[in-house]
Amino acid sequence: DSGDSSYNLAPSYEWIEIAEGLGSSLNLDDDGDGNGSNRTALVSLPFDFQFYGQTYTEITVSADGWISFGRNDIPSFRNHPLPGPGGPSPMVAAFWDDLRTGSGGNVYTYSANEYLVIQWDNMRTHFSAVFGNNERQTFQMILYNNEFLNNQTVTGDNEIKIQYNDFNNTSAGYYPEGGTPVHGCYATVGIENHLGNQGLQYTFNNQYSPASMSLSDGDAIFITTGKISYTLGDLNFDDTINVLDVVTLVSIVLNIIEPSSSQELASDVNGDGSLNVLDVVLIVSLALEN
């Protein structure tokens, strides 16, 4: 999160305003309590997006503060812990709660070469609307085009940033105590895979993971599997290029060993996208220079 100032992958809050003319409205209609004529929308992705090893070309966007990769017909308004059986899978929950459009609330999207932005703008939690508080939530999710940005992650998964412009987590339900709740507890923020059995929960019911800061206005969360760091020709990552790297590359070219993602990038010395004898010749030259 943006509070991890000593961590080089900590995100910065850099709001991309799309609700004031830049973005397109999804025209969602959500009256709370699972009511509304159009609570989700299917959005085509402008680039392939990998999440938990699966590649997707479209997402389902819900007025209730989450997206699901692929086509999902479960308009789940009652939030649950992540991962788990409640709600759709896969899921990225930016602020999963019983939210309402109307009175200025709406959901927008905007795409560019480098990202797709989804913005939940001026939404009300149903709980606060019923009790007259009308507290608002404005937040956005940014799905990054790693290929265009040349951002290589350890697993090949794409990266996501969630930003909070107006954060009021005041919807206090009583799930899972008692009978069927009117709505879920304080908002859920987190991710889960397509099977619903793996994920990361940032917060649920106003309880945060031990390493997580409490969210407020101007905060951001960055979701990544880690950046790949490599030096061309250094296949064993010992900060020198020598005969050991040559032997490793020959083994890779001959399909004797399967390279890791980092090794594959470090092996393509001539940058032509394939590993062959030309790379071997070049890495020999690099080794002789050292």
Side-chain angles (χ1 to χ4, degrees), residues 1-2 9-19 22-26 28 40-72 74 76 82-83 87-96 99 106-121 123 137-165 167 187-194 196 198-202 215 219-228 261:
D1 57 51
S2 51
L9 287 179
S12 298
Y13 173 82
E14 298 171 330
W15 187 257
I16 305 171
E17 180 56 57
I18 68 169
L22 186 63
S24 300
S25 170
L26 294 181
L28 297 183
T40 63
L42 188 66
V43 175
S44 296
L45 293 171
F47 46 86
D48 289 351
F49 195 95
Q50 183 170 308
F51 184 70
Y52 277 101
Q54 305 295 309
T55 300
Y56 301 93
T57 60
E58 57 189 7
I59 57 173
T60 300
V61 179
S62 169
D64 291 309
W66 54 263
I67 71 165
S68 181
F69 290 99
R71 187 183 302 264
N72 203 308
I74 306 174
S76 180
L82 293 175
S89 301
M91 170 187 271
V92 181
F95 189 99
W96 182 15
L99 300 180
N106 213 333
V107 184
Y108 301 84
T109 61
Y110 171 76
S111 64
N113 288 331
E114 61 266 38
Y115 50 60
L116 170 72
V117 183
I118 307 107
Q119 181 170 322
W120 290 262
D121 191 71
M123 306 289 285
Q137 324 289 335
T138 295
F139 53 95
Q140 64 184 201
M141 187 185 304
I142 306 169
L143 307 182
Y144 289 102
N145 184 353
N146 285 14
E147 183 175 357
F148 179 83
L149 296 170
N150 197 27
N151 283 340
Q152 299 287 340
T153 61
V154 173
T155 63
D157 282 8
N158 291 58
E159 296 173 320
I160 303 168
K161 183 160 75 168
I162 303 172
Q163 304 194 113
Y164 299 93
N165 180 269
F167 185 88
T188 301
V189 177
I191 61 176
E192 73 174 22
N193 70 351
H194 54 290
Q198 293 182 21
L200 289 170
Q201 180 173 284
Y202 191 91
L215 294 171
D219 287 335
I221 297 171
F222 187 52
I223 301 166
T224 180
T225 56
K227 303 285 190 181
I228 290 180
S261 297

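It should be emphasised that the depicted structure is a prediction, and the values quoted were computed from it without experimental measurement. Below, all heavy atoms of this structure are taken into account, side chains as well, without hydrogens, waters or symmetry copies.
For the atom pair CG of Asn145 and CG of Leu45, the computed distance is 10.0 Å after rounding to the nearest 0.5 Å. The OH atom of Tyr115 lies 12.0 Å from the CG atom of Leu143; values are rounded to the nearest 0.5 Å. Rounded to the nearest 0.5 angstrom, Thr109 OG1 and Ile18 CD1 are separated by 6.0 Å. One distance of note links OG1 of Thr153 with CG of Asn146; it measures 5.5 Å at 0.5 Å rounding. The OH atom of Tyr144 lies 10.5 Å from the CD1 atom of Ile160; values are rounded to the nearest 0.5 Å. With rounding to the nearest 0.5 angstrom, the NZ atom of Lys161 is 13.5 Å from the CE atom of Met141.
Not a single side chain to side chain donor-acceptor pair (under 3.5 Å) links Thr40 to another residue, sequence neighbours left out. Asp1 meets the side chain to side chain donor-acceptor pair (under 3.5 Å) test with Tyr202; sequence neighbours excluded. For Ala187, the side chain to side chain contact (heavy atoms under 4.5 Å, CB included) partners at least two apart in sequence or on another chain are Phe95, Asp97, Asn169. Remark: Asp219 engages Ser216 in a side chain to side chain donor-acceptor pair (under 3.5 Å) (not counting sequence neighbours). Under the side chain to side chain donor-acceptor pair (under 3.5 Å) criterion, Asp121 pairs with Gln119, not counting sequence neighbours.
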- Task: Please step through side chain to side chain contact (heavy atoms under 4.5 Å, CB included) for the pair Asn113 and Phe47, ending with a clear verdict.
- Result: CA-CA 8 Å; Asn113 288 331; Phe47 46 86; over 6 Å; no
Atom pairs and distances, side-chain donor-acceptor, residues 220-227, under 3.5 Å, sequence neighbours left out:
from: Thr224; atom 1: OG1; to: Glu159; atom 2: OE2; distance (Å): 2.7
from: Thr224; atom 1: OG1; to: Gly226; atom 2: N; distance (Å): 3.1
from: Thr225; atom 1: OG1; to: Thr155; atom 2: OG1; distance (Å): 2.9
from: Lys227; atom 1: NZ; to: Glu159; atom 2: OE1; distance (Å): 2.9
from: Lys227; atom 1: NZ; to: Glu159; atom 2: OE2; distance (Å): 3.0

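Counting only residues at least two apart or in different chains, salt bridge (Lys or Arg N to Asp or Glu O under 4.0 Å) contacts with residues 137-152 are absent. Residue pairs meeting the side chain to side chain donor-acceptor pair (under 3.5 Å) criterion with at least one member in residues 52-66, sequence neighbours excluded, are Ser62-Trp66. Contacts classified as salt bridge (Lys or Arg N to Asp or Glu O under 4.0 Å) and involving residues 46-57 (residues at least two apart or in different chains) are not found.
Formation of a donor-acceptor pair under 3.5 Å by the Gln201 side chain with backbone atoms of Leu82 is found in this model.
Residues Val92 and Ile59 are not in side-chain contact: their nearest non-hydrogen atoms beyond the backbone lie 4.5 Å or more apart. Side chains of Pro90 and Ser68 form a contact here, defined as non-hydrogen atoms less than 4.5 Å apart.
Nearest heavy-atom pair across Ala63 and Leu28 is N-CD1, 3.6 Å. The minimum heavy-atom distance linking Leu22 with Glu17 is given by the pair CD2-O, 3.8 Å. Across Ser89 and Asn193, no two heavy atoms sit closer than the pair CB-O, 3.4 Å. In this structure, Ser76 and Pro88 approach most closely via the heavy-atom pair CB-CD, 3.9 Å. Smallest separation of non-hydrogen atoms from Gly65 and Leu99: N-CD1, 3.9 Å. For the residue pair Gly199 and Pro83, the shortest heavy atom distance occurs at N-CG, 3.7 Å.
A ring-centre distance under 6.0 Å is found for Phe69 and Phe49.
With respect to Gln140, the side chain to side chain contact (heavy atoms under 4.5 Å, CB included) criterion is satisfied by exactly one of Trp15, Trp120, Tyr108: Trp15.
Of the N and O atoms on the side chains of Asp157 and Gln50, at least one donor lies less than 3.5 Å from an acceptor on the other residue.
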